[in-house]
Every structure is written in structure tokens, then in C-alpha cells.
Amino acid sequence: MQALAEYIMRRRFNAVAVAFVCALLPLLEWLGAAAVALVTLRKGWQEGVFVLTWACISGGLRWAVGDVLILPTLVLVFCGAAVLRQSVSLLYAIITTTALSALVMVLFQKVMPIGLERLVTKTGDMFAELQLLEKLAVTNPEQWIVELALTGFGLSVAVMALAGLLIGRWWQAKLYYPGGFQDEFHQLRLSPLMLATLAAVAVVAVGLVPQLRLIGALISLPVFLVGVSLVHSVAKILGFGLQVLALFYVLLILFSGYVYLLLLLLVIADSFINIRQRLAHTNDQ
């Protein structure tokens with residue numbers, strides 16, 4: 001991965017080639033997004049726009065054949081990288097990227113692209129074939145399917161954009177600030193005001209767009225990432241090995257709902273008592 005980052009930064013053509021080709025190929029979109037993020041973080045928004053434009057050509061081609069995921073992802077990862085470069089705050093960049101993902105979700109609910117309409121249709125056909133709507137006793141099947149498909153799309157855009165942003169930042173740290181990304185990620189923390197603001201935004205968003213009641217799950221992504229950061233930071237402070245982190249991710253996969261809720265509770269507690277600072281102080285004594 002570091003070799004690829006070095007290749008991207010060697011000259012403009014390399015960055016354009018990686019962004020264009022990866023954005024064009026399924027399953028490699030995150031590398032294209034990461035290339036856009038890396039160039040923007042290191043060389044500024046003007047150079048980032050140049051690489052983004054070529055990546056968006058690939059995204060446009062995929063849009064034309066019904067794949068509407070990559071184009072908004074590329075734009076969002078560029079915006080997140082631009083905010084990160086300007087603010088030097090990974091948390092602000094994560095919140096910005098998530099907020100823009102929610103905005104895309106609302107916009108596409110108003111003006112749905114053809115590719116997303118196909119996704120809604122396929123989702124409806126799948127549920128009808130499995131007879132899940134009857135089992136779930138859904139009162140308004142059409143609206144429920146649209147909401148589910150849009151939520152899945154919004155989460156996919158957000159996760160892809162955040163993955164591209166974090167990988168781009170990691171690449172930048174590997175090349176120019178060794179160890180910097182780990183320190184930056186471990187320091188992610190929400191203040192009580194930020195936490196209350198995110199909760200308020202989620203409530204207002206649901207109120208303004210009742211057709212997208214699950215938009216709150218999307219807006220909670222920054223809280224989830226801060227929770228993951230807290231787990232990594234605490235593991236480092238207490239001297240736990242990789243086995244503990246591996247166990248955490250296994251539990252996250254197997255019991256995602258419970259672990260997600262636990263992370264939310266830990267983030268709320270951390271916003272008031274700063275768990276990492278207290279543990280570090282205790283270890284120093």
C-alpha cells in the first residue's frame with residue numbers, strides 16, 4: 001500500500017491514472033477515492049480537483065450504466081480531504097463527510113437517479129420473493145422499501161467516502177509523518193456540545209424528512225468511529241496486544257447491534273469524563 005502511495009505522489013500522471021482506473025473498476029473504488037484524498041491533502045484543493053475530475057469521468061461512465069455509488073463518493077471524499085487540510089481536524093472532516101452523505105441521501109430521495117430506481121425495484125423483488133414484507137407486517141411496503149434502499153445507499157456512500165479519506169490520511173502519514181495517523185486517530189473525541197449537536201441534527205433531519213426515518217443511523221457514523229478510536233486508544237494505553245483488537249472486531253461482526261450500542265454508550269461517557277486521559281493518568285502514577 002505504501003508503494004502505491006509513493007507511486008501516486010511521484011507525478012501528476014500517476015495520480016490521475018490510479019484515480020481514473022480504480023474509479024472505473026468495481027471493488028477498487030476505494031483506492032480511487034483514497035488517491036483523490038491523498039493528492040488533496042498533500043498538494044491542496046486545486047491539484048485535488050484536477051485528479052478528481054479524471055476520477056469523476058470514470059464515475060460518470062459507471063453512472064451511465066446504472067452504478068450511481070462512485071460519483072458522489074468521489075466528490076464527498078474530496079470535500080472531506082479539503083476540510084481536513086484546512087482545519088487539520090480529522091473529526092471535522094469525518095463529520096463533514098457524513099453530513100454531506102446525508103444530504104446526498106435526501107437529494108436522491110427527491111430526485112432519484114435511474115440506477116437507484118433499479119436498486120429500489122430489485123430490493124422490492126427480493127423482499128417479495130422471500131415474502132419478508134408479510135412476515136414483518138409492513139403497513140406501507142413501497143415506502144418502506146424506498147427508505148431501506150436509500151438508507152443502504154446513503155450508508156454505502158458514507159462508508160466508502162470515509163474509507164477513502166482515512167486511507168488517504170494514513171498514506172500521507174506513512175510518507176511524510178510516520179506514526180502521525182495513529183496518534184490522530186486515537187485522539188478522536190466528541191465534546192458534550194458536539195455530541196448534543198449530532199443528536200439534534202439527527203432529530204431535526206428525521207422531522208424534516210419523515211420518509212427517511214433511518215437517516216439517524218447515517219448521522220451516528222462519526223460517533224461509531226470515535227467509539228472505535230476509543231477502543232484502539234484504550235488498548236494501547238493498557239498495553240493490550242493485537243489479539244484484543246481482533247477479538248473486538250470479531251464481536252463487532254457477530255454481535256453488531258449490541259457492540260454498536262455499547263460503543264455509543266462509551267462515547268457518551270468519554271465525552272464527559274475523558275476515559276483516555278484518566279487511564280493515562282492512572283498508568284503514569
State, with a plain yes or no, whether a side-chain heavy atom of [X] is found less than 4.5 Å away from one of [Y].
X	Y	result
Leu91	Ile95	yes
Tyr92	Leu84	no
Leu107	Leu103	no
Arg42	Glu47	no
Phe185	Val228	yes
Val104	Leu100	no
Trp63	Pro72	yes

Heavy atoms of other groups near [X] [atom1], more than 12 under 6.0 Å:
X	atom1	result
Gln86	CD	no
Leu242	CG	no
Trp45	CH2	no
Tyr258	OH	no
Glu6	CD	yes
Phe181	CZ	yes

Hydrophobic cluster membership, [X] vs [Y], 4.5 Å side-chain cutoff:
X	Y	result
Leu193	Leu190	no
Val75	Val157	no
Leu41	Val49	yes
Leu261	Leu221	no
Phe272	Leu263	yes

Using modelled atom types only, decide if a donor and an acceptor are shared between the side chain of [X] and the backbone of [Y] within a distance under 3.5 Å.
X	Y	result
Arg276	His186	yes
Ser271	Ile268	yes
Arg189	Asp270	yes
Ser58	Phe20	yes
Ser220	Val223	no
Arg278	Ile273	yes
Asn14	Val16	no
Ser233	Ser229	no

For a quick test of reading the model, state the closest non-hydrogen atom pair linking [X] to [Y] and the distance between them.
X	Y	value
Leu188	Val226	O-CG1, 3.8 Å
Ile167	Ala34	CG2-CB, 3.7 Å
Ala55	Leu74	O-CD1, 3.4 Å
Ile70	Ala23	CG1-O, 4.0 Å
Val77	Gly164	CG2-C, 3.7 Å
Gly48	Thr40	CA-OG1, 3.3 Å

[atom1]/[X] to [atom2]/[Y] distance, rounded to the nearest 0.5 angstrom?
X	Y	atom1	atom2	answer
Leu175	Ile8	CG	CD1	9.0 Å
Leu76	Leu162	CG	CG	8.5 Å
Thr121	Glu117	OG1	CD	7.0 Å
Leu264	Phe224	CG	CZ	9.0 Å
Leu38	Leu31	CG	CG	11.5 Å
Met9	Leu4	CE	CG	12.0 Å

Exercise. Does the side chain to side chain contact (heavy atoms under 4.5 Å, CB included) test come out yes or no for Val51 and Phe78, once each step is laid out?
Worked result: CA-CA 10 Å; Val51 177; Phe78 166 77; over 6 Å; no

Problem set entry | Candidate pair Leu166 and Leu90, rule side chain to side chain contact (heavy atoms under 4.5 Å, CB included), full reasoning | CA-CA 9 Å; Leu166 293 175; Leu90 184 59; 3.9 Å; yes

For this session: Would you check if the distance from the ring center of Tyr249 to the ring center of His232 is below 6.0 Å?
Result: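 For Tyr249 and His232, the ring centres are under 6.0 Å apart.
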
Exercise. Are Glu29 and Arg62 ion-paired here, with the side-chain N under 4.0 Å from a carboxylate O?
Worked result: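 Arg62 and Glu29: salt-bridged.
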
For this session: Please lay out, stage by stage, how Gln2 and Trp171 fare under the test side chain to side chain contact (heavy atoms under 4.5 Å, CB included).
Result: CA-CA 7 Å; Gln2 184 174 344; Trp171 277 349; 5.9 Å; no

Problem set entry | Thr197/Val201 under side chain to side chain contact (heavy atoms under 4.5 Å, CB included): CA gap, chis, key distance, verdict | CA-CA 6 Å; Thr197 301; Val201 168; 4.3 Å; yes

